[in-house]
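Each ligand, and each atom within it, is numbered from 1 in the order the structure gives.
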Amino acid sequence: MTSNASAISIRHLCKSYGKTEVLHGIDLEITRGATTCLIGPSGSGKSTLLRCIAFLEEATSGTILVNAQPLGFEETPDGKRIRLPAHSIRKVRQGIGMVFQQFNLWPHMTALGNVTEALVTVKGLPRAEAEGRGMAQLRRVGLEARAKHYPSELSGGQQQRVAIARALALEPKILLFDEPTASLDPELTGEVLNVMRDLGGEGMTMVIVTHEIGFAATVGDRIVFLDHGRVLLNGAPTDLFGGSRHPRLTQFLETYLDRGAAMLLKPS
Ligand code: ADP
Ligand code: MG
């Protein structure tokens, strides 16, 4: 079912690497303005799905619509799947930003340099305008005072916030996060999760792959549980985590020792 509220509509998406299929027909609607948390065991296909949505990977079959525009491929009325021209792919991709586990900042550029680089080289903005926009985004993630610092002078949490500011500077309609706090020391995850929570509050459409189950349960509008390349569960946090929990989800949660997960597992 497609509705106007869908920022992303995924239909029968399959992805193989060589002969091995890792996504087996994903059907998923991502609601506009919602925070969708994608959880699941390691190897279940979370990154692959996110990378297909960012068009960093090309799905083997199936379709993805981004704000009702086909991404990369289109199905003709007679069921043929055709690749769309590069300019169309670029246009749809422009609306999507991605934040990775490894922040991927340029070490030789300041925080501001990292945030403004693509604005100048890709978008062709004059440097002064790019810097104005870059500073606004650094302010948004609470790092205005660190604009002139190099990545090596910033904590992991600050570096990830710079990476988020960089993604925001390109004014995406949708932001994808692939385990954004997984390589951070535990005491630094909070500042990054707070930035994401604030973005959600501002109405940004986000898909977040995370093992921070407590965060997913409290900030996620929707939880999607991926298992062996399939969407096993998809619902509101209270539906998935509360009451009669799916045994596979319980088994998954039991492998996590984070406080949020422990809290959810406590018998009520
Ligand atoms: P997750 O992010 O949930 O841990 P991934 O999407 O990274 O899972 O991986 C899903 C499956 O696809 C795994 O079995 C993984 O080994 C395989 N896979 C991922 N990327 C590649 C690749 N580039 N080449 C071959 N196999 C891959
Ligand atoms: Mg992954």
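Below 3.5 Å of separation, one finds an N or O of Gly45 facing an N or O of ligand 1.
Near Thr48, with a cut-off below 4.0 Å to any heavy atom, the atoms of ligand 1 are 5 (P), 6 (O), 9 (O), 10 (C). In the vicinity of Pro41, heavy-atom distances shorter than 4.0 Å reach the ligand 1 atoms 3 (O).
At least one donor-acceptor pair closer than 3.5 Å links the side chain of Thr60 to the backbone N or O of Ser16. Not one N or O on the side chain of Thr238 forms a donor-acceptor pair closer than 3.5 Å with the backbone of Gly242. Side chain of Asn114 to backbone of Leu105: no donor-acceptor contact under 3.5 angstrom is found. With Thr63 contributing its side chain and Glu74 its backbone, the two residues share no donor-acceptor pair below 3.5 Å.
Heavy-atom minimum distance, Ala216 versus Pro237: O-CG, 4.1 Å.
Under a 4.0 angstrom heavy-atom cut-off, Gly40 registers as lying outside contact with ligand 1.
Inter-residue side-chain proximity for Arg140 and Leu199 is flagged as met; some heavy-atom pair is nearer than 4.5 Å. Looking at Lys123 and Leu170, their side chains come closer than 4.5 Å, going by heavy atoms from C-beta outward.
Protein heavy atom in closest approach to atom 17 (C) of ligand 1: Val22 CG1, 4.0 Å. If you check which protein heavy atom lies closest to atom 18 (N) of ligand 1, you get Tyr17 CE1, 3.4 Å. At the shortest separation from atom 13 (C) of ligand 1 among protein heavy atoms lies Gly43 O, 3.9 Å.
Inside a sphere of radius 2.8 Å centred on the Mg ion (ligand 2), the protein N/O/S atoms present are Ser47 OG.
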Please lay out, stage by stage, how Ser44 and Asp227 fare under the test side chain to side chain donor-acceptor pair (under 3.5 Å). CA-CA 5 Å; Ser44 58; Asp227 195 27; 6.0 Å; no

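We find the OG1-CZ distance between Thr250 and Phe241 to be 10.0 Å, quoted to the nearest 0.5 Å.
Within a 4.0 Å radius of atom 15 (C) of ligand 1, the protein contributes no heavy atom. Atom 7 (O) of ligand 1 lies below 4.0 Å from at least one non-hydrogen atom of the protein.
By the 6.0 Å contact criterion, CZ on Arg81 is enclosed, its count of non-hydrogen atoms from other residues, nucleotides or ligands being greater than 12.
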